[in-house]
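Worksheet: one structure, shown below.
These numbers were taken from a predicted model, which means no experiment stands behind them. We name chains A, B, ... by the order of the sequence lines, and we start the count at 1 in each one.
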Amino acid sequence: MIQEKMQITAIRGIADQIIEMKLKGTLSNQVTEPGQFVHIKPSGTAQNGTALLRRPISICYTNKEKQELTLIFRRAGIGTEQIAANQPGDKLDVLGPLGHGFPVEAVAPGGSAVLIGGGVGVPPLYGLSQALTARGVTVTHLLGFRSAKDVFYEEAFAALGTTYIFTEDGSRGRQGLVTEPLGELSFDAAYACGPLPMLRAVQQLIVDKPLFLSLEERMGCGIGACLACVVHTINPEDKKGYRRVCCDGPVFRAGEVELC
Amino acid sequence: MIQEKMQITAIRGIADQIIEMKLKGTLSNQVTEPGQFVHIKPSGTAQNGTALLRRPISICYTNKEKQELTLIFRRAGIGTEQIAANQPGDKLDVLGPLGHGFPVEAVAPGGSAVLIGGGVGVPPLYGLSQALTARGVTVTHLLGFRSAKDVFYEEAFAALGTTYIFTEDGSRGRQGLVTEPLGELSFDAAYACGPLPMLRAVQQLIVDKPLFLSLEERMGCGIGACLACVVHTINPEDKKGYRRVCCDGPVFRAGEVELC
Amino acid sequence: MLGVHLPGLALKNPVMPASGCFAFGKEYGALYDLNVLGALVMKAATLKPRFGNPTPRVAETPDGMLNAIGLQNPGVDQIIADELPRLAAFDLPLIANIAGSEMDDYVRTSEKMSAQPQVAALELNISCPNVKHGGIAFGTVPEVAAELTAKVKAVSQKPVYVKLSPNVTDIVGMAVAVEQAGADGLSLINTLLGMRIDLKTQRPVLANLTGGLSGPAIKPVAIRMVYEVSQKVSIPIIGMGGIENADDVIEFLLAGASAVQVGTANFVNPFVCPDIIAALPDKLEQMGVADINELVGRSWKS
Amino acid sequence: MLGVHLPGLALKNPVMPASGCFAFGKEYGALYDLNVLGALVMKAATLKPRFGNPTPRVAETPDGMLNAIGLQNPGVDQIIADELPRLAAFDLPLIANIAGSEMDDYVRTSEKMSAQPQVAALELNISCPNVKHGGIAFGTVPEVAAELTAKVKAVSQKPVYVKLSPNVTDIVGMAVAVEQAGADGLSLINTLLGMRIDLKTQRPVLANLTGGLSGPAIKPVAIRMVYEVSQKVSIPIIGMGGIENADDVIEFLLAGASAVQVGTANFVNPFVCPDIIAALPDKLEQMGVADINELVGRSWKS
Ligand SMILES: Cc1cc2nc3c(=O)[nH]c(=O)nc-3n(C[C@H](O)[C@H](O)[C@H](O)COP(=O)(O)OP(=O)(O)OC[C@H]3O[C@@H](n4cnc5c(N)ncnc54)[C@H](O)[C@@H]3O)c2cc1C
Ligand SMILES: Cc1cc2nc3c(=O)[nH]c(=O)nc-3n(C[C@H](O)[C@H](O)[C@H](O)COP(=O)(O)OP(=O)(O)OC[C@H]3O[C@@H](n4cnc5c(N)ncnc54)[C@H](O)[C@@H]3O)c2cc1C
Ligand SMILES: Cc1cc2nc3c(=O)[nH]c(=O)nc-3n(C[C@H](O)[C@H](O)[C@H](O)COP(=O)(O)O)c2cc1C
Ligand SMILES: Cc1cc2nc3c(=O)[nH]c(=O)nc-3n(C[C@H](O)[C@H](O)[C@H](O)COP(=O)(O)O)c2cc1C
Ligand code: FES
Ligand code: FES
């Protein structure tokens, strides 16, 4: 983990309020797993003030040759609005890589995995899918969005494996929930990232296969010191009784922590 | 007085920590006197935070054909640092023109005036000198700076009238105080802008001629509503007993208000 | 959809400039039509004229400002003579903010002000931290605040709102005390007591040493106090502290305020009050709210 | 030039991370050598383990943040067993922050902690606003705070610093009370009680409803309190509240603090403590100050 002024090499809108941003710097060398995240100090101008704290954003994927991280984030409030206002060439103060990501070794080469994502939970699944396919794993993507205008990276995912797009209003792909096809698919392990109700539904449906869930919590430090981001463990025998999303997670094996 | 997003058409350093900035917009049409000021909402990035309140900066001079104001300011703290970080093309939220400036009609055409300035009190004297010379008044400039590295606009002033530069350390022009030549000069009226000790010295030396002083006070609103910027009147009979620097001034006739 | 009815105040909308940040409306009235405002709260009036504190009177802090104006005003008689006739031309409830150093000052100033037909309500500023003698004591001792409220109520021909200081251990105790003493409403909050030291002079920036902290920095404290107090009193609350935009207004209403005041933000954006008022209908529509009064206290009622 | 000597604390420099913002040093210790710090204040220890409050536990506000962690910690015995041995490896005074819900909890926790050779001093957190029962009451009533201080002093083998809450009418009264009860020093200030409401959910952001406001927004309140208290007590003050850089440290020293703590800023810049410490010598030189202790209280002494 380092703190680095990373240079923005590209920044563009790819869907409604969704920004794809590329950051260059040596921090990218330290990324070990898909699903890790960075903690960004917002700089730049926003309408309603300026952010004090850093903002956690998942690494979508890493290009180690180019020393480049790609992030995808939604303009959600002051901090992401500030970050989105930057231009190529501007620098951002980035702390990372942080946390533990998705374990690709949970699926042996030749095996198969299903990746389930919703909204801005989709981005880290792209890097995961790259890593799994590079390992010789067959991947299926179940990606949910609110509406056609919110969809991104459909073709990029399709290039790596079968990809089902779902929208709440049916304006693109299928109408309905990403969990629908789960019963019909066979796979060795599943990975999910998205809103809590989606994660809960996934956890109820996938009970007999390894399942890894990436969680979100409001954060202070991002490195394990402030205990802002704790979640309860499920096992009553667990000595600590809690995990920190920022450093013990954000990815947990299903059943390790409570989803609430 | 209007509030306008003015576009920066030029911005450059002209001395140590001294920035010259040109702003384009219809606000410039409303400027009536040299010595008026604008109240700028800082935007842009500074090292140590961001400013909440506006910052008062004198109008150096106005180019009505180009609808352009020129300002000269010192990077003094958070707000001016933010403003200085802007680029040509960026826009600034400007309120103005504010206050009452220097009365040029105090000197009849063909008469003579002396303009006394110190540090960042020098800028508004340039627009004043332009207005006086356009009126056919002969001007002499006494301009004081800390050191050679702080001097600006020497040639611009020299093009309008005799110009004496003073520095505290003698590294440019004469060593000493701007008030020194006052005894030897003959003039019909004097105008001064600069630090309080300079204004006090000027006021003690010029007792029998019209003298106009431009004051500074920390401001809130800039338009007369908050009473942050009041100064006491000298005349004990004065009904109000005070003046607001932002709207009754910043220029006052010597003897109207206390210099403390 | 924006109308709000409070004791003595029929408001077109719940947004009014805060006392001391708008003088008597002349300066901002040169920029826009004051009739768009919900009401206008005048600068504090005292029995005698006051020059206030020496300068510097303001200092900036992170997302806030300190002020130590010191209640400068020409005195109640002058205000009645010079300011009220001009303000009477507007179709706008006027709230007279009252301050003093002695209880008797408050009572006599209130009596005079409340007798003016143009004045719709009084706001007792028992909490101004910048007055040396008195003032602060009224705002921090429940019994004293209650006594003052009762005395003013006894002479006032108009509803009385009491403006509380946040510089207390127990804001609910203060609020309940003045409610029981007969207050018709509360204004929450006045400024937090603060200081800034100039690293160059190595002395406090303000000539008065301390000053009142206002602006966005104090909004979380104000929201907390409105939330706590509104659940314990049955008189309406006018909320303030750091309001800059329509979202902030809605946050105060959700916390339990029935109307709001905007202070410091006027200095940043002189059009902030009309801007907020213009933005509110769309905000309500987005929230599916037909009547702004529905929002009041929703954060704890639902 | 940066060394500061306080009861029980021989500090290389006056900068230490604040309690609760640095856990037990492990995480930041992975980023830099903790030996550069003046001291380390550990996260609050309570007699029994505490899980703390439900999430969300933090929310951002203008130039500040609210937290309602709820004193999560593994309990004093576990801290002594797991954390102190590791921290003993550093050449660094350790300050143990103590919290509790009952007076007896404080006393027993203090007794255990102060008996540890690695612990240089105690800091009594009588002011954490996030603990439901107890806690806050100790911090707002001078007599109770004094009684607690005396009881802890009676059992403590190490100097006792009392950390005061700013959510009081009279901070000087609190300070004088605990000084008379035997406190060796004061820590000023803990967080201001605040709230933020989420406009989407229309409910408070924090699961705990209210939280403690920290960060630059509160600096003017902290400076004012240090300025006022330092003139009325003769024990040293460790100042904090919104410190982000060396200038802020100097402002606290000028106000009357002898040393400082840095909390929230660690989250913004994980290297803030070493950055500040590295910047201080140049600052002092620019000010013509040979010994940092000369600055203490200069804003009112001169
Ligand atoms: C491990 C992790 C990975 C994430 N990855 C992504 C990603 O790849 N793309 C993406 O668009 N978003 C991601 N998020 C969510 C993202 O952090 C928030 O959308 C963002 O912090 C909102 O900041 P804001 O200033 O725009 O909004 P505001 O609402 O103004 O933020 C106010 C405060 O709340 C916090 N906050 C608000 N929403 C969230 C949230 N959902 N999760 C955590 N903190 C929040 C902010 O960090 C800030 O401290 C991730 C969150 C976590 C915890
Ligand atoms: C009528 C008027 C005209 C001015 N014209 C010029 C000019 O042409 N060029 C120029 O360089 N400077 C001018 N100044 C001074 C300029 O306003 C300050 O240097 C500037 O406000 C400092 O802001 P800051 O954020 O950089 O400094 P900070 O020290 O961070 O400011 C903190 C606060 O103090 C106020 N403040 C600090 N110094 C001054 C000061 N000297 N006067 C008033 N307020 C101050 C700021 O406005 C701000 O509210 C003028 C001041 C006034 C009142
Ligand atoms: C410059 C200034 C002057 C003020 N004068 C008064 C006053 O005369 N009477 C009063 O009750 N409050 C006064 N206040 C307090 C405001 O009315 C308001 O309660 C406070 O500033 C919080 O709101 P804000 O954060 O929107 O400014 C003053 C505030 C400022 C900034
Ligand atoms: C996340 C967080 C946790 C805290 N936990 C404690 C604590 O356990 N004990 C304590 O005395 N103070 C605690 N505090 C208060 C800080 O020590 C400090 O007094 C306060 O945050 C002001 O300083 P700052 O503005 O630099 O953060 C905590 C503050 C934060 C932000
Ligand atoms: S964010 Fe601080 S411990 Fe996780
Ligand atoms: S700055 Fe507000 S009256 Fe002059």
Under 4.5 Å from a heavy atom of chain A, the part of [X] involved:
| X | answer |
| --- | --- |
| D:F22 | backbone |
| D:K43 | side chain |
| D:P49 | neither |
| D:D63 | both |
| D:D82 | side chain |

Between D:F271 and D:Y32, how do the two ring planes meet: parallel, tilted or perpendicular, split at 30° and 60°? tilted
Is it the side chain or the backbone of [X] that comes within 4.5 Å of chain D heavy atoms, both, or neither?
| X | answer |
| --- | --- |
| A:K240 | neither |
| A:M1 | both |
| A:I223 | both |

Any side-chain donor paired with an acceptor under 3.5 Å for D:Q72 and D:R57? yes
Tell me, with the steps shown, if A:D93 and A:R54 meet salt bridge (charged side-chain N to carboxylate O under 4.0 Å, His left out). CA-CA 9 Å; A:D93 176 345; A:R54 291 172 180 270; 2.9 Å; yes
Sort by residue number and list every member of residues 20-38 of chain A having a non-hydrogen atom under 4.5 Å from chain D.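 Result: none.
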Among D:N73, D:D105, D:N125, whose side-chain hydrogen bond (donor to acceptor under 3.5 Å, both in side chains) with D:T46 holds? D:N73
For a quick test of reading the model, state the closest non-hydrogen atom pair linking D:I80 to D:P85 and the distance between them.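 D:I80 and D:P85 have their closest heavy atoms at O-CD, 3.3 Å.
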For D:S19 and D:E123, run side-chain hydrogen bond (donor to acceptor under 3.5 Å, both in side chains): C-alpha distance rounded to whole Å, both residues' side-chain angles, the deciding distance at 0.1 Å, then the answer. CA-CA 9 Å; D:S19 180; D:E123 179 178 66; 4.8 Å; no
With no hydrogens and no angle check, is any side-chain donor or acceptor of A:S171 less than 3.5 Å from a backbone partner on A:S147?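 Side chain of A:S171 to backbone of A:S147, a donor-acceptor pair under 3.5 Å: no, none is there.
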For residues A:H39 and D:F267, establish whether the separation of their ring centroids is below 6.0 Å.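 Centroid distance A:H39-D:F267: not below 6.0 Å, so no.
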Using the salt bridge (charged side-chain N to carboxylate O under 4.0 Å, His left out) rule, take A:R243 and A:E217 through it: C-alpha gap first, then chi angles, then the decisive distance, then the call. CA-CA 11 Å; A:R243 295 290 181 276; A:E217 269 301 338; over 6 Å; no
Ranking A:G241, A:A51, A:G222 by heavy-atom pairs under 4.5 Å to chain D gives rank one to A:A51
Is the NZ atom of A:K239 crowded by more than 12 outside heavy atoms at less than 6.0 Å?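 It does not: A:K239 NZ has 12 such atoms or fewer within range.
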